[in-house]
Number of protein chains: 2
Amino acid sequence: MSPLEVVRRQRRKEARPAELAAAALSLFIEKGFAATRLDEVAARAGVSKGTLYLYFDSKDALFKAVIEEGVVPLFEEFEAKLETLRDDPERLLREILQGWWDKVGSTDLGGICKLMISEAGNFPEVARYHHDAVIVRWMALLGRAYAIGVERGVFRDMDVETVRQLVFFPLLMQAVWKNSMSCCDETRSLPDSYFPTYFEMIFRGLRAAPVQESRP
Amino acid sequence: MSPLEVVRRQRRKEARPAELAAAALSLFIEKGFAATRLDEVAARAGVSKGTLYLYFDSKDALFKAVIEEGVVPLFEEFEAKLETLRDDPERLLREILQGWWDKVGSTDLGGICKLMISEAGNFPEVARYHHDAVIVRWMALLGRAYAIGVERGVFRDMDVETVRQLVFFPLLMQAVWKNSMSCCDETRSLPDSYFPTYFEMIFRGLRAAPVQESRP
DNA sequence: TTAATAACTGACTGGTCAGTAATTTAGTAA
DNA sequence: TTACTAAATTACTGACCAGTCAGTTATTAA
């Protein structure tokens with residue numbers, strides 16, 4: 001009838017898995033794993049449920065794929081900074097944290113954090129994989145950036161575990177919040193002053209010497 | 001047969017609702033709302049599913065009850081502090097934050113945070129209720145404690161919204177983490193140095209004057 | 001054009017679980 | 001003891017949905 005009708009039954013073998021994974025990710029975040037219907041995932045990806053099963057063995061396999069693909073090797077980039085910015089620990093930490101927000105926290109990948117927190121109990125093995133492959137690695141990176149600062153006498157020497165949590169959790173929580181409470185909290189976009197204030201707070205807490213009030 | 005068998009079919013009308021709500025809360029946190037079976041909730045509370053329906057109209061009603069009862073009026077206590085500690089803003093903030101951890105974050109109530117984050121998308125009206133009745137109120141309290149410090153010249157003047165997030169999110173995330181990633185992160189108990197380090201970091205960031213290096 | 005293949009579809013099935021109703025038993029008062 | 005009431009249980013039903021499969025259509029090779 002309608003000549004402008006969307007083309008049905010395209011054959012696009014290559015694109016399907018990524019499209020299905022993206023659809024699944026967004027629905028898992030919105031509704032949770034258990035409450036997400038595979039018919040819905042398929043519909044959002046523009047295919048039928050049967051097609052979904054051509055690419056993924058089961059609902060669990062789909063979940064696993066969504067998490068594991070989202071892990072992307074962003075780490076190389078971050079870890080490279082460790083080498084190039086060894087001489088300026090404060091800038092190193094700032095760029096790592098800002099980088100995480102720009103590349104993960106503020107993007108779709110940020111939703112994976114919320115998803116993993118929600119579903120860890122139901123997928124212990126996926127949670128463990130994600131924990132070892134992402135969380136531990138990321139926290140180690142933060143810890144090393146901080147340790148470099150301590151070595152150089154730029155940062156005070158405190159409990160590493162505690163420090164990296166205090167530094168990172170505000171950003172992480174921000175990402176989680178964004179993907180769950182958006183219905184309540186209107187227009188969850190950060191004010192321009194957010195990062196300046198954030199870094200000012202963090203670094204005042206970390207710096208070994210009190211801020212110079214430049215009195216010559 | 002077994003003479004020591006647990007007594008079946010006790011009549012304990014008064015205790016049932018609280019026991020069922022507690023069982024439901026723990027299961028909702030572990031498995032999520034959708035993945036939790038009412039038979040299981042009933043079993044954990046030591047009754048049958050039919051009994052559950054004597055006290056709660058539906059699964060949704062059970063969820064709502066769990067959230068709303070958990071809201072408890074802890075606020076009176078916290079808000080009272082605002083009056084009694086007006087003269088020492090730093091101590092005021094410290095006691096409010098420590099109080100939240102002792103009374104909420106480290107207890108079962110902390111699980112409600114994780115639960116609400118996970119299920120907000122599926123229960124917008126409950127999420128809104130919780131947002132207005134708990135989150136907004138709590139954040140306002142924190143904001144006022146900070147504002148008092150600014151008025152007195154003890155704290156630097158920054159964006160209130162940003163500051164209260166930076167101050168509170170580490171604790172909140174800690175509570176959420178505890179209730180989801182416990183399977184991976186072994187023995188999630190905070191080191192003794194956690195709160196001293198936390199407060200030291202926070203207050204260095206907030207204080208208007210640099211730390212006195214006591215040079216007479 | 002036609003035949004062969006591979007991507008895709010959607011109706012169907014079997015198991016699961018929220019919610020119900022008939023029945024049993026505990027507690028109580030006469 | 002007995003009769004009564006209400007708490008609790010058990011067996012059931014109907015909707016829903018993960019996963020399957022027989023059939024359909026797009027694409028390519030001959």
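Numbered from 1 within each chain, the chains take letters A, B, ... in sequence-line order.
With DNA chain C read from its 5' end, the first of the two nearest nucleotides for A:Leu54 and B:Leu38 is the one closest to A:Leu54. Comparing B:Asp39 and B:Gly50 along DNA chain C, the residue whose closest nucleotide (by nearest heavy atom) sits nearer the 5' end is B:Asp39.
Heavy-atom minimum distance, B:Ser106 versus B:Asp102: OG-O, 3.4 Å.
With distances taken from any side-chain atom of A:Ser48 to the nucleotides D:dA7, C:dA7, C:dG10, the minimum falls on C:dG10. Distances were taken from every side-chain heavy atom of B:Arg12 (C-beta onward) to each of D:dA8, C:dG19, C:dC8; the shortest belongs to D:dA8. The side chain of A:Tyr55 approaches C:dC8 more closely than any other nucleotide in the set C:dT9, D:dA7, C:dC8. Listed nucleotides: D:dA18, D:dA8, C:dC8. Nearest to the side chain of A:Arg37: D:dA18.
Between A:Thr51 and C:dC8 there is no side-chain polar atom (N or O) within less than 4.0 angstrom of OP1 or OP2. Distances shown here put every side-chain N or O of B:Tyr53 at or beyond 4.0 Å from the OP1 or OP2 atom of D:dA8.
If you measure from atom NZ of B:Lys31 to atom P of C:dT16, you get 14 Å, rounded to the nearest angstrom. Atom CZ in B:Arg16 sits roughly 7 Å away from atom P in D:dT9 (whole-Å rounding). When rounded to the nearest whole Å, the span between CD of A:Glu14 and P of D:dT27 equals 14 Å. Rounded to an integer number of Å, the gap from NZ of A:Lys13 to P of D:dT28 is 13 Å. Remark: P of D:dA18 and CG of A:Asp60 are 11 Å apart, rounded to the nearest angstrom. To the nearest angstrom, P of D:dT20 lies 12 Å from CG of A:Leu52. A:Lys59 has its NZ atom 19 Å from the P atom of C:dG15, to the nearest Å.
Between A:Arg137 and A:Glu76, at least one side-chain N (NZ, or NE/NH1/NH2) sits under 4.0 Å from a carboxylate O, which counts as a salt bridge.
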Contacts under 3.5 Å, N or O only, protein and nucleotides 27-30 of chain C:
none

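Summarising the geometry, atom NZ belonging to A:Lys13 is positioned 11.5 Å from atom CZ belonging to A:Arg16; distances are rounded to the nearest 0.5 Å. Atom CG in A:Asn122 sits 11.0 Å away from atom OG in B:Ser180 (nearest 0.5 Å).
Ring-centre distance between B:Phe33 and B:Phe28: below the 6.0 Å cut-off.
In this model, a side-chain donor or acceptor of A:Lys49 finds a partner on the base of D:dG19 within 3.5 Å.
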For residues 35-45 of chain B, which side-chain N or O atoms pair as donor and acceptor with protein atoms under 3.5 Å away, sequence neighbours left out?
from	atom 1	to	atom 2	distance (Å)
B:Thr36	OG1	B:Leu27	O	3.3
B:Thr36	OG1	B:Gly32	O	2.7
B:Arg37	NH1	B:Ala34	O	3.4
B:Arg37	NH2	B:Ala35	O	3.3
B:Glu40	OE2	B:Lys31	NZ	3.2
B:Arg44	NH1	B:Ser26	OG	2.9
B:Arg44	NH1	B:Glu30	OE2	3.0

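For B:Phe78, the ring pair (Phe, Tyr, Trp, His ring centres under 6.0 Å) partners are B:Trp138, not counting sequence neighbours.
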